Amino acid sequence: MGPQSIKVIVAGGFGTGKTTLVGAVSEIPPLTTEEVLTQVSEGVDDTGGIESKTTTTVALDFGRRTITNELVLYLFGTPGQDRFWFMWDELSRGATGAVVLVDPRRLDTSFPAIDYFEVRGIPFVVAVNLFHGQRRHTLDEVREALQLEDSSVPLLECDARDAPSCRSALIVLVEHAMARMAAVPEPAG
Amino acid sequence: MASADEQWVDDTAGPLYENYSRIGGRARARHNLSLDTQVCAVGTVDRAALQVEHAQILELLANRWLSVAEIAAHLRTTMNVIRVHLSDLLEERLVAIGAPSSRRSRPTKEDLQKVINHLRAM
């Protein structure tokens, strides 16, 4: 019952253009939704063992694209700060894959996202976001610097401000995810 | 739309999309309400008789399926709060939910190909 939803994650360090990419594909202007996360932590005072709860509100930018009336694509941007890994887990559940936007001038800001998807075996592509046509590195240099464990991970240039470029990155991701589906046998049940 | 109930809902240890809470001594049903779970209004009811938030949700979902994330975004509240309301509305049989992207309802290769075709045609 209801449309099948396809969920794609858009990840990348601050300022890499996640929301811009979402907006380039979404049929509506990007929305922001919020999740309140509760953390239980041990108190550190002398009386010891006192639990305290803190709540944090995590905001996610996302968009949608209706494919058919039985199929809808969602693009969810990862939270601004890297530390909300619990939210990443929720985003990743059943996700088709991720587009990881990379700023070649600040490669290390994308390492946490790449590590996250690699460890979990979630299909992802690396979209190198060039600003103002400036190209200080080649894709090969970026690939080497990223130290991707899997050499079959697609790496492509992407300008988040250019809608066709964004669509290309998404197409490459979905194709990559499909190829992975063919290769890995589905678990039973 | 934040209410006193929200504090209790947050007091859970389970995964985000499973909400247990006790309100007025009654345990809430557990429903799978993930970010992209599709929801639609069903049945008929006199909306004037409903609490405001429920009426707003039903109006939003009158003739379409929306995800939990969209409902929360459009109504400018958190997904946590929306899940509580949707649980109520599910129990009242005023909304229906579809299966989220999960192990039990994954997109097929045919679905993914449709996405690719659609993106290419844009």
Side-chain angles (χ1 to χ4, degrees), chain A residues 1-8 24-25 28 30-38 40 53 55 57-62 64-74 76 86-87 89-91 93-97 163-164 166-168 170-175 177-179 181-182 186-187 189, chain B residues 2 6-7 9-17 32 34-40 42 61 64-83 95-122:
Chain A
M1 181 183 330
Q4 172 69 54
S5 63
I6 291 182
K7 189 168 56 170
V8 167
V25 177
I28 54 175
L31 297 171
T32 304
T33 196
E34 294 182 338
E35 183 82 64
V36 179
L37 302 181
T38 303
V40 178
K53 285 185 178 148
T55 62
T57 302
V58 182
L60 303 171
D61 290 339
F62 72 104
R64 68 170 283 150
R65 184 108 205 146
T66 306
I67 307 297
T68 68
N69 43 3
E70 288 161 359
L71 196 57
V72 58
L73 169 69
Y74 288 100
F76 280 93
F86 199 54
M87 194 70 240
D89 293 344
E90 177 66 10
L91 282 173
R93 209 183 315 267
T96 295
C166 295
R167 291 198 291 269
S168 291
L170 212 45
I171 288 167
V172 171
L173 167 66
V174 179
E175 288 177 332
M178 280 178 72
M181 279 171 78
E186 280 292 301
Chain B
E6 185 176 0
Q7 192 176 5
V9 172
D10 291 339
D11 216 286
T12 64
L16 287 178
Y17 58 85
N32 194 340
S34 190
L35 293 152
D36 61 330
T37 301
Q38 299 291 295
V39 194
C40 181
V42 296
L61 302 177
R64 58 175 170 171
W65 293 88
L66 283 183
S67 61
V68 171
E70 285 169 289
I71 298 167
H74 288 305
L75 296 181
R76 304 189 193 290
T77 185
T78 66
M79 287 190 278
N80 312 63
V81 168
I82 289 300
R83 288 190 191 98
V95 295
I97 57 175
S101 293
S102 70
R103 183 170 282 266
R104 277 167 254 114
S105 172
R106 291 252 175 167
T108 62
K109 286 178 73 174
E110 288 71 28
D111 291 332
L112 297 186
Q113 188 60 54
K114 285 179 186 171
V115 172
I116 291 169
N117 296 345
H118 180 100
L119 290 170
R120 285 200 177 123
M122 277 173 67

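Fair warning: this is a prediction, and the values are worked out from it, not measured in the lab. Computed from heavy atoms alone, side chains included, the values below leave out hydrogens, waters and symmetry copies.
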Heavy-atom pairs under 4.5 Å with chain A: which of Ile116(B), Thr108(B), Ile71(B) has the most? Ile116(B)
Pick one of side chain, backbone, both or neither for Leu73(A), based on which atoms fall under 4.5 Å of a heavy atom in chain B. side chain
Select one option (side chain, backbone, both, neither) describing which atoms of Thr32(A) are under 4.5 Å from chain B's heavy atoms. backbone
For Ile97(B) and Trp65(B), which heavy atoms make the closest approach, and how far apart are they? C-CZ3, 4.1 Å
Taking only residues two or more places apart in sequence or in another chain, which ones pass salt bridge (charged side-chain N to carboxylate O under 4.0 Å, His left out) with Glu34(A)? none
Does Arg65(A) reach the main-chain N or O of Val25(A) with its side chain, forming a donor-acceptor pair under 3.5 Å? yes
What I want to find out is whether Lys7(A) reaches Glu90(A) closely enough, with some N-O distance under 4.0 Å, to be called a salt bridge. no
Chain B heavy atoms under 4.5 Å from Glu70(A): which part of the residue, side chain, backbone, both or neither? neither
May I ask you to test the His74(B)-Leu66(B) pair for a side-chain heavy-atom distance under 4.5 Å? yes
Part of Ile67(A) within contact of chain B (heavy atom distance under 4.5 Å): both
Aromatic rings Tyr74(A) and Phe62(A): how do their planes relate, parallel, tilted or perpendicular, breaks at 30° and 60°? tilted
Per-residue contact mode, Leu173(A) against chain B (heavy atom under 4.5 angstrom): neither
Most heavy-atom pairs under 4.5 angstrom with chain A, which of Ala96(B), Ala73(B), Ala69(B)? Ala69(B)
Note: vs chain A, highest number of non-hydrogen pairs under 4.5 angstrom among Arg64(B), Arg120(B), Lys114(B), Glu70(B) is Glu70(B)
